[in-house]
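Shown next, in structure tokens, is the structure this report addresses.
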Amino acid sequence: MKLSKTVLEKLFQKAGQTMQNSYSPYSKFKVGAAVLTKNGHIYGGTNIENASYGVTLCAERNAIFAAVCNGEREFEALVIVFQQKDLGPLSTPCGACRQVMTEFCKPDMPIYTADLSTGKPQRIVKKKLKDYMPYPFSPDALIKKPVKKK
Ligand code: THU
């Protein structure tokens with residue numbers, strides 16, 4: 001599916017809006033994400049931290065899980081925005097989120113990342129899931145496929 005400019009803008013908008021709700025009192029690092037489902041719906045997510053640090057959940061997983069909670073299983077695109085002012089190179093999705101993406105998203109699915117510290121997406125990077133996960137542990141490893149008869 002070709003992603004139109006309008007839909008991409010909507011994804012950036014949703015990721016940015018959801019980032020406003022970031023609960024990140026410990027890292028003060030706000031992240032927003034938005035996924036586009038095969039059905040054309042958009043779900044947002046943001047990072048939610050916890051005093052017990054390990055319980056923190058990233059923006060990307062919150063977005064994907066929100067969609068899955070609403071019955072979605074297939075995804076067309078993901079946008080991630082970081083409030084990255086004065087910080088180094090643009091962030092990339094963490095390993096745990098890459099694994100969750102691998103569960104639901106095709107290797108060719110586009111992933112856009114950008115710095116949103118000025119309110120406008122900057123330093124936009126477009127990659128595919130397979131760029132972030134070249135050797136994935138995917139559902140294929142566990143889900144039996146029917147054996148082809150000769
Ligand atoms: N974080 C995300 O939300 N997504 C990522 O891909 C990287 C990290 C969040 C988790 C934590 O709240 C903060 O950023 C600092 O690690």
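Counting starts at 1 for both ligands and their atoms, in listed order. Atom set for the values below is all heavy atoms of this structure, side chains included, hydrogens, waters and symmetry mates excluded.
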Query - Any protein heavy atom nearer than 4.0 Å to atom 16 (O) of ligand 1 - result: no
Query raised in the report: What's the spacing between Asn62 CG and Cys97 SG if we round to 0.5 Å?
Result: 8.5 Å
Query - Heavy atom of the protein closest to atom 14 (O) of ligand 1 (residue, atom name, distance) - result: Phe29 CD2, 3.3 Å
Report task. Look up atom OG1 in Thr102 and atom CE in Met109, then write down how far apart they are to the nearest 0.5 Å. Result -> 9.0 Å
Requested in this report: Please could you name the atoms of ligand 1 that Pro93 approaches to less than 4.0 Å, counting only its heavy atoms?
Outcome: 6 (O)
Query raised in the report: Do any N or O atoms from the side chain of Glu49 and from the backbone of Ser22 form a donor-acceptor pair under 3.5 angstrom?
Result: no
Query raised in the report: With only distance considered, is Cys94 within less than 3.5 Å of ligand 1 through an N or O on each side?
Result: yes
Query raised in the report: Does the side chain of Lys128 reach to within under 4.5 Å of the side chain of Lys106, using non-hydrogen atoms?
Result: no
Query - Asn39 side chain to Thr37 side chain, donor-acceptor N/O pair below 3.5 angstrom - result: no
Query raised in the report: Under 3.5 Å, N or O to N or O, is Glu60 touching ligand 1 that way?
Result: yes
Report summary line: The reported gap from CD1 in Ile111 to CE in Met133 (rounded to nearest 0.5 angstrom) is 10.0 Å
Report summary line: Atoms of ligand 1 under 4.0 Å from any heavy atom of Ser27, numbered from 1 in the order shown, are 13 (C), 15 (C)
Requested in this report: Give the residue and atom name of whichever protein heavy atom lies nearest to atom 12 (O) of ligand 1, and the separation in Å to one decimal.
Outcome: Glu49 OE2, 2.5 Å
Query raised in the report: Once the angle between the rings of Phe12 and Tyr112 is folded into 0 to 90°, is it parallel (under 30°), tilted (30 to 60°) or perpendicular (over 60°)?
Result: perpendicular
Requested in this report: Identify, for atom 3 (O) of ligand 1, the protein heavy atom at the shortest distance, and state residue, atom and that distance.
Outcome: Ala59 N, 3.0 Å
Report task. Considering heavy atoms of the protein only, find what lies nearest to atom 8 (C) of ligand 1 and give residue, atom and distance to 0.1 Å. Result -> Cys58 SG, 4.0 Å
Requested in this report: Heavy-atom contacts with Thr92 under 4.0 Å: which atoms of ligand 1 show up? List them by number with element.
Outcome: 6 (O)
Report summary line: Nearest non-hydrogen protein atom to atom 9 (C) of ligand 1, with distance, is Asn47 ND2, 3.6 Å
Query raised in the report: Do the non-hydrogen side-chain atoms of Leu90 and Gln84 ever get within less than 4.5 Å of each other?
Result: yes
